[in-house]
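Working notes, beginning with the structure itself.
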Amino acid sequence: MKKIRVLIAKPGLDGHDRGAKVVARGLRDAGMEVIYTGLHQTPEQIAEAAIQEDVDVVGLSCLSGAHMTLFPRVVELLKEKGAGDILVTGGGIVPEEDVPKLKELGIAAVFGPGTPLKEIIDFHEKNARK
Amino acid sequence: MMAMYDKSKLDKIEKELKQWERDCLGKSIETLPERDRPFITTSSVPIDRLYTPLDAKDWNYFEKLGFPGEYPFTRGVHPTMYRSRPWTMRMFAGFGTAEETNERYKYLLRHGETGLSVAFDFPTLYGYDTDDPHSEGEFGKCGVAISSLRDMEILFDGIPVDKISTSMTINGPAPVVWGFYIGMAENKGINPNIISGTIQNDILKEYIAQKSFIFPPEPSMRLIVDTFEYGFKELPRWNTISISGYHIREAGSTAVQELAFTLADGLEYVRAAIERGLDVDKFAPRLSFFFNAHNDLFEEIAKYRAARRIWAREMKETFGAKNPRSWWMRFHTQTAGVSLTAQQPYNNIVRVTIQALAAVLGGTQSLHTNSMDEALALPSREAARIALRTQQIIAHESGVTNTIDPLGGSYFLEYLTDYMEEETYNYFDKIDTLGGVVPAIKKGFFQKEIADSAYRYQKEIEENQRTVVGINDYATEEPAKIELLKMDPEGERRQINRLEKIRKDRDNKKWESSLDELRKVAEKDENVMPAIRDAVHADATLGEICGVFREVFGEYKDLAIF
């Protein structure tokens, strides 16, 4: 079976990368192929990288509070570029009330603080494009 | 030199201890076995069942501890510590517009905080104006947006900056934001030479952990030394740097890594300033530090005590500083944001209390206590007030301020303090082998060490090697029900309008020539501060001034290591 390919990305100016790196490593240890963009990526750069790398999932991490602007923008760009089948997830400091709004805008799952790695791994195994 | 215990006493303790292990402990452990889970600190350091004088065999009081206010300052930097004055209660705050944050400062001051601390939003931290395309979605989210002198004036409107000190968490654009602050004081008719405060201005830990850098390391180090030099000449009461372990720890390091990397950074700044030809006893007294306070009470206290001892020794022995004020390490502490849980947020009040207690028992000079809601959003007014009250209760009710370094002499604490010190020197050796701090950053050494520790900690939680209440044990299904901070939805628009007005109203000739002058100074090796001050008074914005530096110095790109 083909390995699940995941792009972990940090959109915007936020520099908090602890969670993104832990998740990247956790997914890799679970047998997935993981690419990490590094910091300070624009939504355009992230969508571009997702298509170039032919990933199944894009995991967005944002702790600055800019998630409502940046996350849906990535979904939109992927759709525009004909890659709407790539699953987009998010994590970071996201108030509870923003979660349903993000889901409506196409974010498949939001992993807040304290989410076990296992839950994130299971989600990928169940939902990633095969 | 005088050891704490003579040989005959130690022999007796050793003999009695063996007997205790055989008879008393041996019997008890059969019926009441110890838990299976490892006995480790938050940083995964194994901890023994019991510590005795045997753990400090060659231990020398004067070498290790001395008295407070005297070398090596292990017990504290002041001879009276909190018996004269409690630490400065300095709450880190900032969100939305300067108006909203100004209101929060006045609220906190009314409720008894004794120092100010500015949190800037991400565009400000990266030297972008609010209307820059890079700022999209980030305005006022993680702190207050300050793009101009006018914003700084609004931020401190009605606040007596001649009487209260202000700390500003700003790094890449630190000289510019400091310029705004100085300009603000001048416009209030206050001579800058009497204002006091701190700029974080610690770029090395940005590359290592916090990641809000702008320029490459070399020009960044030059800007920092510029501020040192300008500071001791023009603003003698200002701390021109706050060498920070806080963010290193938040990014996932252990306590030892926090200590070792922070001190290594500190020593690097001292070397850079001496290389410029500055007199160590002129700038070193204005160096200050900033540490994290995590959950493990004793580990944290040991860290602060070891920090003071190592710094004093390095300044005196390695750099030959003569002024005792160059030897002492003064530091601010913030409780560990990363320890807060979004689940059952009220539990965070208790975590913060334990962490704040560690900082106080470790002899901090100032303290920020996190609010219980910070795993969800920026703190609400009420949550920030409870966090401040936590400090006041420790200061006035707990009794821990009555005596200095109350845990000094504890076998366990002294063992841990020595352990921290030893491990720190091991890291110093590793960093030296890599060619120093900047080469180690470029090789990704610190970044990798921190990522490894962060991952190990997460694994320990997932594998139930440690318990986090409300996360991997004692969890409840009910969602967090607390009122979160709401910001003015029109704030960004108002801030952009203000910027547009500043650009329209300013004297264009004066503005242009001030930026030309700044470029000239930046391209040469002159101190940039006077040119920044002129540009600030000519209403050049943060983005414009940093734009000049971006052109001259270039930008740094992070290594994407995980």
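In the text below, chain A, chain B and the rest are named by the order of the sequence lines, each starting its count at 1.
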Leading residue by heavy atom contact count with chain A [cutoff under 4.5 Å; candidates S135(B), A377(B), A342(B), A375(B)]: A375(B)
When K557(B), E250(B), H134(B), E138(B) are compared by non-hydrogen pairs under 4.5 Å with chain A, the top option: E138(B)
Side-chain H-bond candidate by donor/acceptor type, Q355(B) with N295(B), under 3.5 Å: yes
Distance-only polar pair, side chains of T37(A) and Q45(A), donor-acceptor under 3.5 Å: no
Please classify the contact of [X] with chain A as side chain, backbone, both or neither, using a heavy-atom distance under 4.5 Å.
X       : answer
V338(B) : side chain
L484(B) : side chain
Y455(B) : both
F139(B) : neither
Q458(B) : side chain

Checking [X] against chain B: side chain, backbone, both or neither under 4.5 Å from a heavy atom?
X       : value
H40(A)  : side chain
E119(A) : neither
T42(A)  : neither
L70(A)  : side chain
I8(A)   : neither
D14(A)  : both
R28(A)  : side chain

Working for salt bridge (Lys or Arg N to Asp or Glu O under 4.0 Å), residues E136(B) and R73(A): CA-CA 11 Å; E136(B) 203 196 337; R73(A) 184 84 191 112; 5.8 Å; no
Whether Y556(B) and F213(B) hold their rings parallel, tilted or perpendicular, with breakpoints at 30° and 60°: perpendicular
Greater than 12 external heavy atoms within 6.0 Å of E462(B)'s CD: yes
Close side-chain approach of P345(B) and D373(B), heavy atoms under 4.5 Å: no
Donor-acceptor under 3.5 Å (D265(B) side chain, L204(B) main chain): no
Nearest-0.5 Å distance, CZ of residue R18(A) to OG of residue S61(A): 12.5 Å
Gap separating the SG atom of C142(B) from the CG atom of D121(B), nearest 0.5 angstrom: 8.5 Å
